[in-house]
Amino acid sequence: MTSVTMTVNGKARSGEVEGRTLLSSFLRDQLHLTGTHVGCDTSQCGACVVHVDGEAVKACTVLAADADGAEVTTIEGMANADGSLSVIQAAFQEHHGLQCGFCTPGMVMSAAALLKDNPKPSEHEIREYLEGNICRCTGYHNIVKAILAASGQQVAPPMAAE
């Protein structure tokens, strides 16, 4: 067993892990932060995206031991200090950027990383950035609109088919 300590959502957290323990498992099973979803365990779906030292990573591809000493942000850490939804979370809610919700935490975390690096992305840039995130419900249209809205850009009104 290996001892790990990291700052998760602004709080120092520690635990004992086997060398093969994934960051996603550590977050979910030991820290009980179940907003980080595991959909595939093969880095294909993006449901487990978290931020490690400010960079978006798929937590199912990072060993917990490799995150020792890191600053980790999960979906639980995305809300404002007063507990209200962040701009991105509110945009997902307002623009119906979720349906079943399984992919939503990873989408929100990916969107936050994109907007940090590119504050005004085009629709094409958003779709390209989200290629590593799979959503089986929405067809991505409203997710893209939510990210555009979160970036402060004008969003077309929804069409009946969306």
Between Lys145 and Tyr140 (side chain of the first, backbone of the second, donor and acceptor by atom type, cut-off under 3.5 Å), is there such a pair? no
With sequence neighbours excluded, residues passing salt bridge (Lys or Arg N to Asp or Glu O under 4.0 Å) with Glu71: none
Closest heavy-atom pair, Cys48 versus Cys60, reported as atoms and distance to 0.1 Å, is SG-N, 3.3 Å
Using salt bridge (Lys or Arg N to Asp or Glu O under 4.0 Å) as the criterion, list what pairs up with Arg136, not counting sequence neighbours. none
Mind checking what makes salt bridge (Lys or Arg N to Asp or Glu O under 4.0 Å) contact with Glu18, not counting sequence neighbours? Arg20
His37: ring pair (Phe, Tyr, Trp, His ring centres under 6.0 Å) partners, not counting sequence neighbours: Phe102
side-chain hydrogen bond (donor to acceptor under 3.5 Å, both in side chains) between Asn80 and Ser84, worked out: CA-CA 5 Å; Asn80 294 319; Ser84 63; 3.0 Å; yes
Is there a side-chain contact between Ile147 and Ile88 (heavy atoms, below 4.5 Å)? no
Keeping Arg28 on the side-chain end and Thr36 on the backbone end, is there a donor-acceptor pair under 3.5 Å? yes
Pair Thr74-Asn9, side-chain hydrogen bond (donor to acceptor under 3.5 Å, both in side chains): steps then yes or no: CA-CA 7 Å; Thr74 69; Asn9 301 328; 2.8 Å; yes
Test salt bridge (Lys or Arg N to Asp or Glu O under 4.0 Å) applied to Glu125 - qualifying residues, sequence neighbours left out: none
For a side chain to side chain contact (heavy atoms under 4.5 Å, CB included) check, start with the C-alpha distance between Val155 and His95, then their side-chain angles and the critical distance, and finish with the verdict. CA-CA 9 Å; Val155 179; His95 293 278; 4.1 Å; yes
Checking Gln153 side chain against Pro121 main chain: does a donor-acceptor pair fall under 3.5 Å? yes
Under 3.5 Å, is there a donor-acceptor pair between the side chain of His51 and the main chain of Met109? yes
Which residues, ordered by chain and number, are linked to Met6 in its hydrophobic cluster, where ILVMFWY side chains connect at heavy-atom gaps below 4.5 Å, directly or through other members? Val4, Val8, Val17, Leu23, Phe26, Leu27, Leu31, Leu33, Val50, Val52, Val57, Val62, Val72
